[in-house]
Amino acid sequence: MDRVEDGEKNALLMFLEAQRASVHAIVDGLDLEALTTAVLPSGWTPLGLVEHLGYAERHWFQEVATGSAEPLAWPDDDHAPLNTPRPPSVVFAFYREQCERSNAVLASTPLSAPVRGRHPGSLLRDEVTDLRRIVLHMIEETARHAGHLDVVRELIDGKTGLGPR
């Protein structure tokens, strides 16, 4: 790998890691009730959104970037969207593990590597064509959901400005 690509990877990972850290910081200290109660009319829960981010990491870095992912430890359809029946310890471990796997793919794959799998539907299929665009999409996805979590945290207990940025 050349220095330019190495520098770009480091910069992209720095921004992705900052957004991931924000997610953790925003939900840190919430009890089980707060993590599993929907605050907004759409019905998602903070814990369900964290699990969704784990699924997103798995989907984009494994299924799309490399073309395969290990099977999940649970059925993929055992819950309503953006909710989860799993306890916080399992969800947070899942999210951390998926982020670690994503980081391993990023470390071992050139940014220009074409995707080996497919994203269902046409919305992002034409836009996300290589690893670089996967990382950019995950920065966007994680930041968007960190913002959602930030608003919900404020509604739950008034805390704002949580996270490294």
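Note that the structure is a prediction, hence the values are computed from the model and not measured. Along the sequence shown, residues carry numbers from 1.
- Linking Ile, Leu, Val, Met, Phe, Trp and Tyr residues whenever their side-chain heavy atoms come within less than 4.5 Å places Met138 and Met14 in a single cluster.
- The only member of Leu136, Ile134, Leu106 that meets side-chain contact (heavy atoms from CB on, under 4.5 Å) when paired with Leu111 is Leu106.
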Decide yes or no on side-chain contact (heavy atoms from CB on, under 4.5 Å) for Val115 and Thr129, but give the supporting numbers first. CA-CA 6 Å; Val115 298; Thr129 56; 5.7 Å; no

Applying side-chain contact (heavy atoms from CB on, under 4.5 Å) to Arg118 and Glu63, what does each step give before you reach the verdict? CA-CA 7 Å; Arg118 294 184 60 141; Glu63 294 174 343; over 6 Å; no

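- Under the 3.5 Å distance criterion, the side-chain polar atoms of Asn83 are matched with a main-chain donor or acceptor of Gly43.
- Ion pairing between a basic and an acidic side chain is recognised when a charged N comes within 4.0 Å of a carboxylate O; Lys159 and Glu154 show no such pairing.
- Between Asp78 and Pro85 the shortest heavy-atom distance is OD2-CG, 3.7 Å.
- The existence of a salt bridge linking Arg101 and Glu70 is confirmed by a sub-4.0 Å separation between a basic side-chain nitrogen and an acidic carboxylate oxygen.
- Side-chain contact between His145 and Val23 is absent, with no heavy-atom pair separated by less than 4.5 Å.
- Glu17 has a carboxylate O that lies under 4.0 Å from a charged side-chain N of Arg20, or vice versa, which qualifies the two as a salt bridge.
- Hydrophobic cluster of Val90: the remaining members, joined at side-chain heavy-atom separations below 4.5 Å, are Tyr55, Leu72, Trp74, Phe94, listed by chain and number.
- Rounded to the nearest 0.5 Å, atoms CD (Glu140) and CD (Gln19) are 11.0 Å apart.
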As a quick check of understanding, evaluate side-chain contact (heavy atoms from CB on, under 4.5 Å) for Val135 and Phe15, giving each step before the final call. CA-CA 10 Å; Val135 179; Phe15 280 92; over 6 Å; no

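- The CG atom of Leu12 sits 9.0 Å away from the CG atom of Leu131 when rounded to the nearest 0.5 Å.
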Carefully, step by step, assess Glu57 and Gln62 under the rule side-chain contact (heavy atoms from CB on, under 4.5 Å). CA-CA 8 Å; Glu57 293 272 352; Gln62 295 171 57; over 6 Å; no

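- Ion pairing between Arg132 and Glu8 holds under the 4.0 Å rule for side-chain N and carboxylate O.
- The side-chain hydrogen bond (donor to acceptor under 3.5 Å, both in side chains) pairs that include a residue from residues 35-48 are Ser42-Trp44, where partners are two or more places apart or lie in different chains.
- The minimum heavy-atom distance between Lys9 and Ser108, with the atom names listed, is NZ-N, 4.5 Å.
- Between Glu33 atom CD and Ile156 atom CD1 the span is 9.5 Å, to the nearest 0.5 Å.
- Residues Thr66 and Phe61 come closest through the heavy atom pair CG2-O, 3.5 Å.
- The line from OG of Ser102 to CD of Glu97 is 10.5 Å long, rounded to the nearest 0.5 Å.
- Interatomic distance, NE2 of His137 versus NE2 of His119, reported as 6.5 Å (0.5 Å rounding).
- Between Ala146 and Ile26, the shortest heavy-atom distance links the atoms O-CD1, 3.4 Å.
- Linking ILVMFWY residues whenever their side-chain heavy atoms come closer than 4.5 Å, directly or via other members, places Leu82 and Leu155 in the same cluster.
- Considering all non-hydrogen atoms of both residues, Glu141 and Ala56 come closest at OE2-CB, 4.2 Å.
- Remark: Asn10 engages no residue in a side-chain hydrogen bond (donor to acceptor under 3.5 Å, both in side chains) (not counting sequence neighbours).
- Here the straight-line distance linking atom CG of Leu47 with atom OG1 of Thr84 works out to 6.0 Å at 0.5 Å rounding.
- In this structure, the side chain of Arg153 engages the main chain of Asp28 through a donor-acceptor pair within 3.5 Å.
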